[in-house]
Number of protein chains: 2
Amino acid sequence: MAMHQKESHNHFKSAVTVDNVIFGFDGKALKVLLIYRGAEPYKDRWALPGDFVPLDENLNQSAIHVLRSLTGLDNIYMEQVHAFGDVNRHPFGRVFTIAYYALIKVEDYQVQASSWAEEAAWFPINEIPELPFDHMEILEFAKQQLRNKIRTQPIGFELLPKHFTLTQIQELYEAVLEREFDTRNFRKKLLSMNLISETGYRQTDVSHRPAMLYKYDTKRYNRFLERGFSFDI
Amino acid sequence: MAMHQKESHNHFKSAVTVDNVIFGFDGKALKVLLIYRGAEPYKDRWALPGDFVPLDENLNQSAIHVLRSLTGLDNIYMEQVHAFGDVNRHPFGRVFTIAYYALIKVEDYQVQASSWAEEAAWFPINEIPELPFDHMEILEFAKQQLRNKIRTQPIGFELLPKHFTLTQIQELYEAVLEREFDTRNFRKKLLSMNLISETGYRQTDVSHRPAMLYKYDTKRYNRFLERGFSFDI
DNA sequence: AAGCATATTGTAAATGATACAACAATTTCC
DNA sequence: GGAAATTGTTGTATCATTTACAATATGCTT
């Protein structure tokens, strides 16, 4: 990173954006929130939500900002995925992008007006339209990282309502990991981790035996972390 | 990432650098290659090797370039770690950095003259001097990522000579993961993966029973990968 | 030849993963 | 009101993996 002061001005000619892969789960499929671009380049195309990082804003803050301006949501689980910086990835010049993914509870979500999105919509992870820039590659990276992470950290709860059934969480894992789990074994393992507890409430408005509602118990998770605990499903 | 053409010029005022955490293993400790900075800012300080990303060079290529210009080495295992972009991380302006780590065989290494490094030296991972910028944080990220990766992918071999003993590889894992392994169990597990094979040669110049030399068998690894294999130590 | 240093190897016990199906609770339909 | 339909809930036996643990082998040095 060394440089001579004289040379250094040549370097300050890049732009940096953040792009967010916003995941949601509707009880059936894993979905991604895309925006319909209202400005060039690639106007009128579905794309990942993102924006330039202002010179006076920290990178992470910028990612949070994009998420909030689109969804109105705060305090969301986000994680950086990868930086992409091929020379010609953006038609307007040298634009690096840092990709993040976010996990949101779709029930909490409502689209906000935004300067760069005319519209936003959820797309099932297996029915994504053609995306501009290198957004398809970014999405692949994010999906893979989500899969790795969800197997070793209890982040799946971020995609579920506060109160959820054991069937719901199993279906979430099956959707994300694209494999099936044996119900008895899945529940045995999940419950043995002592990370979720019964709420005492049950499902209502279902035309069959109502399932017990559970909640994720953050305190217990923190206690486990201190003891060097590792989550693995 | 949308923008109006008129606004866009405001955004092209950032610089982007790559910083490399170059790991080596000398048979005893995990080490990191630092350079002694020959230019401002932070002249005459030990720091991670890095450089600005030229406008006409891909990001990944730039990381490879930094590594080669410092070590003369090519075809090295490298992986992106994380992007860092706090507003004030660099005194000369808004400079984002993308961190990479590399694994090299110290036997192959020889320092090259470089425009930005007066000197380079290996530092044991537990005896790192105070580093400028956010390099300490970058190093922590890289170390953590190396640990995660080395447990699930057979990348440890990148740090060893082509021919190595089972004791050497065990000591490498112990150094990186900062824990001890039971020799019998470690060997049993490693050999059961069928990723290394005997060379037929033995150690020489040791004043005790010479150990069998093994080599990493890439072909076998690739066959395993195709079948959906997972390495785990 | 004895001593030193590291290399090499097996077994038993405990733990964790997998395979597998019957009964329970509620609603709906007749 | 009872039968059918639908999903929820739970246990056990087998198999595979991980762990704990120490004696013998080989080459070198003196």
Side-chain angles (χ1 to χ4, degrees), chain A residues 25-28 150-152 154 160-161 163-175 177-215 224 227-233, chain B residues 25-28 150-152 154 160-161 163-175 177-215 224 227-233:
Chain A
F25 179 66
D26 66 357
K28 286 247 165 192
I150 208 174
R151 284 194 304 116
T152 54
L160 293 173
H163 290 184
F164 51 85
T165 69
L166 296 180
T167 300
Q168 280 175 320
I169 194 168
Q170 181 177 345
E171 282 169 348
L172 166 63
Y173 273 83
E174 290 180 340
L177 297 175
E178 289 184 345
R179 55 166 286 210
E180 301 199 332
F181 289 92
D182 175 88
T183 303
R184 275 174 288 193
N185 294 339
F186 184 89
R187 289 174 178 222
K188 216 184 306 174
K189 191 159 179 181
L190 187 62
L191 290 171
S192 75
M193 291 174 183
N194 274 313
L195 291 175
I196 64 179
S197 49
E198 295 188 355
T199 60
Y201 301 105
R202 293 169 170 278
Q203 270 183 324
T204 53
D205 301 323
V206 290
S207 69
H208 54 77
R209 174 174 177 178
M212 174 65 72
L213 289 166
Y214 288 80
K215 65 181 178 197
F224 275 113
R227 296 190 218 147
F229 170 72
S230 120
F231 179 91
D232 203 343
I233 244 175
Chain B
F25 179 67
D26 66 357
K28 287 248 164 192
I150 209 174
R151 284 194 305 115
T152 54
L160 293 173
H163 290 185
F164 50 85
T165 69
L166 296 181
T167 300
Q168 280 175 319
I169 194 167
Q170 181 176 346
E171 282 169 348
L172 165 64
Y173 272 83
E174 291 180 339
L177 297 176
E178 289 184 346
R179 55 166 286 209
E180 301 200 332
F181 288 92
D182 175 87
T183 302
R184 275 173 290 192
N185 294 338
F186 184 87
R187 290 174 177 222
K188 216 183 309 172
K189 190 157 179 182
L190 187 61
L191 290 172
S192 75
M193 292 175 184
N194 273 314
L195 291 176
I196 63 178
S197 49
E198 295 188 355
T199 61
Y201 301 105
R202 292 168 171 279
Q203 270 183 324
T204 53
D205 302 322
V206 289
S207 69
H208 54 77
R209 173 175 178 178
M212 173 65 73
L213 288 167
Y214 288 80
K215 65 180 178 197
F224 275 114
R227 296 189 220 147
F229 169 71
S230 121
F231 180 91
D232 203 342
I233 251 182

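Residue numbers begin at 1 in each chain, while the letters A, B, ... track the order of the sequences. All values derive from a computational prediction rather than experimental measurement.
- Note: B:L191 CG to B:E198 CD = 8.5 Å, rounded to the nearest 0.5 Å.
- Computed from coordinates, the B:Q203 CD to D:dC28 P distance equals 11 Å when rounded to whole Å.
- Rounded to an integer number of Å, the gap from CZ of A:R187 to C1' of C:dA17 is 18 Å.
- In plain terms, the two heavy atoms of B:I169 and B:F186 that are nearest each other are CG2-CE2, 3.8 Å.
- One atom, CG of A:D232, and another, P of C:dT15, lie 19 Å apart when rounded to the nearest Å.
- Rounded to a whole Å, the NZ atom of A:K189 is 13 Å from the P atom of C:dA19.
- In terms of heavy atoms, A:Q170 sits closest to A:F181 at NE2-O, 2.8 Å.
- Taking atom CD1 of residue A:I233 and atom C1' of nucleotide C:dG16, one finds them 14 Å apart after rounding to whole Å.
- Considering CG of B:L177 and CG of B:L172, their distance stands at 8.5 Å, rounded to 0.5 Å.
- Looking at which nucleotide of DNA chain D each of A:K188 and A:M212 is closest to, the 5′-most match is held by A:M212.
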What string of B, S and - do you get for nucleotides 21-30 of chain C 5' to 3' if you count protein non-hydrogen atoms under 4.0 Å? B--BBBSS--
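- With B:T165 as reference, B:Q203 is the one residue of B:Q203, B:M212, B:R202 to meet the side chain to side chain contact (heavy atoms under 4.5 Å, CB included) rule.
- Just one residue in the list B:K188, B:K189, B:R187 forms a side-chain hydrogen bond (donor to acceptor under 3.5 Å, both in side chains) with B:N185, and that residue is B:K188.
- Between the CZ atom of A:F181 and the C1' atom of C:dA19 there is a distance of 15 Å, rounded to whole Å.
- At a threshold of 4.0 angstrom between heavy atoms, the contacts of B:T165 with the nucleic acid are absent.
- In this structure, CD of A:E180 is placed 12 Å from P of C:dA19, rounded to the nearest angstrom.
- Spacing between atom CG of A:N185 and atom C1' of D:dC15 amounts to 13 Å, rounded to whole angstrom units.
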